[in-house]
Amino acid sequence: MPLDPEELRKMDIKDLYKKLDEYNAELLKYRAESRMGTLKNTSAIKNVRKDIARILTIISEKKRSKKNEKTA
């Protein structure tokens, strides 16, 4: 199930980085399973990569908004 961007926007940046680390570890696990040939759901890799991209996008949005608040 994909992550909801609205829920991610409510999270703190530190929590987003924790979630990012979790998804990176999950992606590594899926890639290892894929190479061994034991991965059942091959679309899981694609879904995790998209979730990582969502998290990175929200992190960059938050950083950009903080930067704009400081200059204003």
Side-chain angles (χ1 to χ4, degrees):
M1 183 169 103
L3 293 174
D4 183 30
E6 292 304 317
E7 288 181 20
L8 292 175
R9 284 188 180 94
K10 293 177 186 175
M11 296 173 72
D12 189 28
I13 289 182
K14 291 179 183 179
D15 295 331
L16 288 171
Y17 277 114
K18 286 180 187 176
K19 193 165 267 309
L20 181 64
D21 288 339
E22 291 172 12
Y23 276 98
N24 278 327
E26 190 174 337
L27 180 62
L28 184 65
K29 181 185 78 160
Y30 284 148
R31 284 182 174 164
E33 286 180 12
S34 174
R35 289 197 175 130
M36 289 188 300
T38 59
L39 184 64
K40 301 289 183 203
N41 184 6
T42 56
S43 66
I45 293 174
K46 181 177 77 168
N47 293 336
V48 170
R49 288 181 66 213
K50 285 185 178 186
D51 287 339
I52 289 171
R54 281 187 192 97
I55 293 171
L56 290 172
T57 300
I58 301 298
I59 288 172
S60 67
E61 285 177 0
K62 286 184 176 278
K63 284 183 178 180
R64 198 173 333 121
S65 69
K66 271 189 178 179
K67 192 179 218 181
N68 289 339
E69 287 175 3
K70 287 182 182 179
T71 58

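In this text, all values refer to a predicted model and were calculated from it rather than measured experimentally.
Expressed to the nearest 0.5 Å, how far CD of E26 lies from CG of N47 amounts to 10.0 Å. Rounded to the nearest 0.5 Å, atoms CG (L20) and CD1 (I59) are 5.5 Å apart. The CG atom of D4 sits 9.0 Å away from atom CZ of R54, with the distance rounded to the nearest 0.5 Å. Note that the CD atom of E61 and the CG atom of L8 stand 10.0 Å from one another [nearest 0.5 Å]. Taking OG of S60 as the reference point, atom NZ of K67 lies at 11.5 Å (rounded to 0.5 Å). Summarising the geometry, atom NZ belonging to K46 is positioned 14.0 Å from atom CG belonging to L27; distances are rounded to the nearest 0.5 Å.
Between D21 and K18, none of the side-chain N atoms (NZ, or NE/NH1/NH2) sits under 4.0 Å from a carboxylate O, so this pair counts as no salt bridge. Look at K66 and E69 and you find no salt bridge, because none of the NZ, NE, NH1 or NH2 atoms lies under 4.0 Å from a carboxylate O.
Counting only distance, with no hydrogens or angles, the side chain of K19 and the backbone of I52 share no donor-acceptor pair below 3.5 Å. D15 places no side-chain N or O within donor-acceptor distance of the main-chain N or O of M11, the cut-off being under 3.5 Å. A donor-acceptor distance shorter than 3.5 angstrom exists from the side chain of T57 to the backbone of A53, with no hydrogens or angles considered.
Considering every non-hydrogen atom in both K62 and R9, the closest pair reads NZ-O, 2.8 Å. Smallest separation of non-hydrogen atoms from T71 and N68: OG1-O, 3.0 Å. I58 and P5 get closest at one heavy-atom pair: CD1-O, 4.2 Å.
The cluster map of Ile, Leu, Val, Met, Phe, Trp and Tyr, joined by side-chain heavy atoms under 4.5 Å apart, puts Y17 and L28 in different clusters.
Between L39 and R31 the shortest side-chain heavy-atom distance does not fall below 4.5 Å.
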Stepwise side chain to side chain contact (heavy atoms under 4.5 Å, CB included) check, T42 with S34: CA-CA 8 Å; T42 56; S34 174; over 6 Å; no

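Applying the side-chain contact (heavy atoms from CB on, under 4.5 Å) rule to T38 yields the partners E33, M36; only residues at least two apart in sequence or on another chain are considered.
Applying the 6.0 Å contact sphere to NZ of K50 captures no more than 12 heavy atoms from other residues, nucleotides or ligands.
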